[in-house]
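Whatever order the structure lists them in is the order used to number ligands and atoms, beginning at 1.
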Amino acid sequence: MDVATKEFYDQYWPRFVPIYEETKKYMLRTITEPHVGRALDAGCGHGLCSIVLSELADQVTGVDISTDSLDTARQQVAMAGRSNITLLHQDLQSLDPALKDFDLVWCWGVAMMAPDPMKVMHNLMRATAPGGTVYLGLYLRTWLSPVHQLVRHTCRTFMNGPRRKKLVCDFFAGLTRVVCRLRGEEINRRPDNVSIQAQVEDWYYPPYKTFYTPDEIIDLFRRNGFQAECIQDRLGRMKSATIFVVRAVKTAG
Ligand SMILES: C[S@@+](CC[C@H](N)C(=O)[O-])C[C@H]1O[C@@H](n2cnc3c(N)ncnc32)[C@H](O)[C@@H]1O
């Protein structure tokens, strides 16, 4: 069990639940299946994606490593009045083999946060039913990725107490505001998230992060019996060049 990531999100999602309507708009723009039988929300966090999926699927299973996030998800599901969602505590690196035959697997912003992201991706492919679809959102590797990793390690090592973390988040939020103003851009480009500080914390403080290119992920899917394409490259839910999304359909059993 990846305890470090569990602890990070235990304190994160209960404080920063995104805006449901914006999450829903993004997902309905992204998912092309009008209706499916069983859906898996892999790394469901706050639970909002599970609620959106519950409108498209007969049954939804949301899994997450963070028990406190799952409590937040339970509250959100209860508030939405959905009865076709099951929430389970699971590490996707060792996903229960009984969780399988999903027609749709949604895994956005999750797999690359595991110490071993390949284990997560193989488990997602295994859990997909023949003919089923995976939507996988991962951090994009660019020339800035090593700089990001250096800043993240520095923040986690030297600036990890509550007051220091607040200083870091306020500093980067201020910097973002200045840069956006100079460029004449919108300041918060992610409409479903609550604050720039929250986004900075989610960017610089998770314990593990790996960056990928769309080509290597498409190749991974193809080698495992999927047809895959990159459907969003830098223009998705976070319009800031951080996540790309691959859609992959399982063609082999
Ligand atoms: C950035 S959040 C994304 C949440 C949600 N998928 C969304 O799109 O808004 C990452 C989530 O993945 C969960 N997570 C990270 N590693 C995990 C693992 N190995 N197994 C299960 N959940 C994991 C975290 O607890 C957190 O809730």
Side-chain angles (χ1 to χ4, degrees), residues 1-31 39-54 60-77 85-96 99 102 104-124 126-127 134-140 152 190-195 198-211 232 236-238 240 242-246:
M1 176 71 68
D2 168 11
V3 177
T5 301
K6 175 197 173 309
E7 284 177 353
F8 176 76
Y9 281 104
D10 273 352
Q11 60 80 43
Y12 186 83
W13 285 128
R15 290 187 292 142
F16 300 120
V17 177
I19 298 165
Y20 175 70
E21 283 308 324
E22 295 294 338
T23 301
K24 179 173 171 177
K25 250 191 254 167
Y26 167 71
M27 288 180 73
L28 294 185
R29 234 184 19 242
T30 303
I31 297 172
L40 174 67
D41 184 5
C44 61
H46 41 72
L48 299 190
C49 301
S50 299
I51 297 171
V52 178
L53 290 173
S54 75
V60 178
T61 304
V63 305
D64 205 280
I65 201 164
S66 157
T67 42
D68 289 4
S69 299
L70 286 167
D71 286 344
T72 304
R74 278 187 199 100
Q75 287 164 14
Q76 296 296 322
V77 168
I85 301 174
T86 307
L87 296 168
L88 301 172
H89 183 219
Q90 291 271 318
D91 183 341
L92 288 161
Q93 295 173 111
S94 49
L95 186 68
D96 181 350
L99 294 173
F102 290 99
L104 195 154
V105 174
W106 176 263
C107 186
W108 198 102
V110 178
M112 69 287 182
M113 295 195 158
D116 189 342
M118 278 300 150
K119 271 193 188 158
V120 174
M121 292 189 243
H122 279 284
N123 281 334
L124 298 179
R126 192 230 352 108
V134 181
Y135 290 87
L136 181 63
L138 295 171
Y139 285 130
L140 180 69
R152 192 174 62 81
R190 182 173 170 175
D192 72 335
N193 212 338
V194 283
S195 75
Q199 291 170 52
V200 172
E201 185 172 333
D202 201 20
W203 186 238
Y204 283 123
Y205 283 93
Y208 305 99
K209 267 192 176 184
T210 310
F211 293 80
Q232 286 168 9
R237 181 170 165 198
M238 278 198 270
S240 57
T242 52
I243 286 210
F244 67 90
V245 178
V246 167

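- In plain terms, the two heavy atoms of Ala73 and Gly45 that are nearest each other are CB-O, 3.5 Å.
- Judged by distance alone, the side chain of Gln90 and the main-chain N or O of Asp96 form a donor-acceptor pair under 3.5 Å.
- Using a 4.0 Å cut-off to heavy atoms of Gly109, the atoms of ligand 1 that qualify are 1 (C), 2 (S), 3 (C), 10 (C).
- Below 4.0 Å from some heavy atom of Leu92 lie the following atoms of ligand 1, by number and element: 18 (C), 19 (N), 20 (N), 21 (C).
- Between Phe8 and Tyr12, the ring planes lie parallel to each other; the angle is under 30°, not in the 30° to 60° tilted range.
- The ligand atoms of ligand 1 that sit less than 4.0 angstrom from a heavy atom of Ser66 are 25 (O).
- Atoms of ligand 1 lying under 4.0 Å from any heavy atom of Thr5, numbered from 1 in the order shown and given with element: 15 (C), 16 (N).
- At under 3.5 Å, a nitrogen or oxygen of Trp13, whether backbone or side chain, sits near a nitrogen or oxygen of ligand 1.
- For Asp202, every heavy-atom contact with ligand 1 shorter than 4.0 Å involves the side chain, none the backbone.
- Close N/O approach between Gly43 and ligand 1 is found [any backbone or side-chain N/O within under 3.5 Å].
- Qualifying side chain to side chain contact (heavy atoms under 4.5 Å, CB included) partners for Ala114, counting only residues two or more places apart in sequence or in other chains: Gln93, Val120.
- Residue Gln90 has at least one heavy-atom neighbour below 4.0 Å for each of these atoms of ligand 1: 20 (N), 21 (C).
- A side-chain donor from one of Gln232 and Tyr26 sits under 3.5 Å from a side-chain acceptor of the other.
- Neither the backbone nor the side chain of Trp106 has a heavy atom within less than 4.0 Å of ligand 1.
- Listed for the Lys24 side chain is no donor-acceptor partner under 3.5 Å among the backbone atoms of Leu48.
- In this structure, Leu138 and Ala111 approach most closely via the heavy-atom pair CD2-CB, 3.8 Å.
- Remark: distances from the non-hydrogen atoms of Asp64 to ligand 1 include one below 4.0 Å.
- Put simply, no part of Lys6 is less than 4.0 Å from ligand 1, judged by heavy atoms.
- With sequence neighbours excluded, the residues satisfying side chain to side chain contact (heavy atoms under 4.5 Å, CB included) with Val77 are Ile51, Arg82, Ile85, Leu87.
- Set against the non-hydrogen atoms of Asp91, the atoms of ligand 1 under 4.0 Å away are 18 (C), 19 (N), 20 (N).
- For Tyr9, every heavy-atom contact with ligand 1 shorter than 4.0 Å involves the side chain, none the backbone.
- Side chains of Gln75 and Val17 form no contact here, defined as non-hydrogen atoms less than 4.5 Å apart.
- With ligand atoms numbered from 1 in the order given, ligand 1 contributes 27 (O) to contacts under 4.0 Å with heavy atoms of Gly45.
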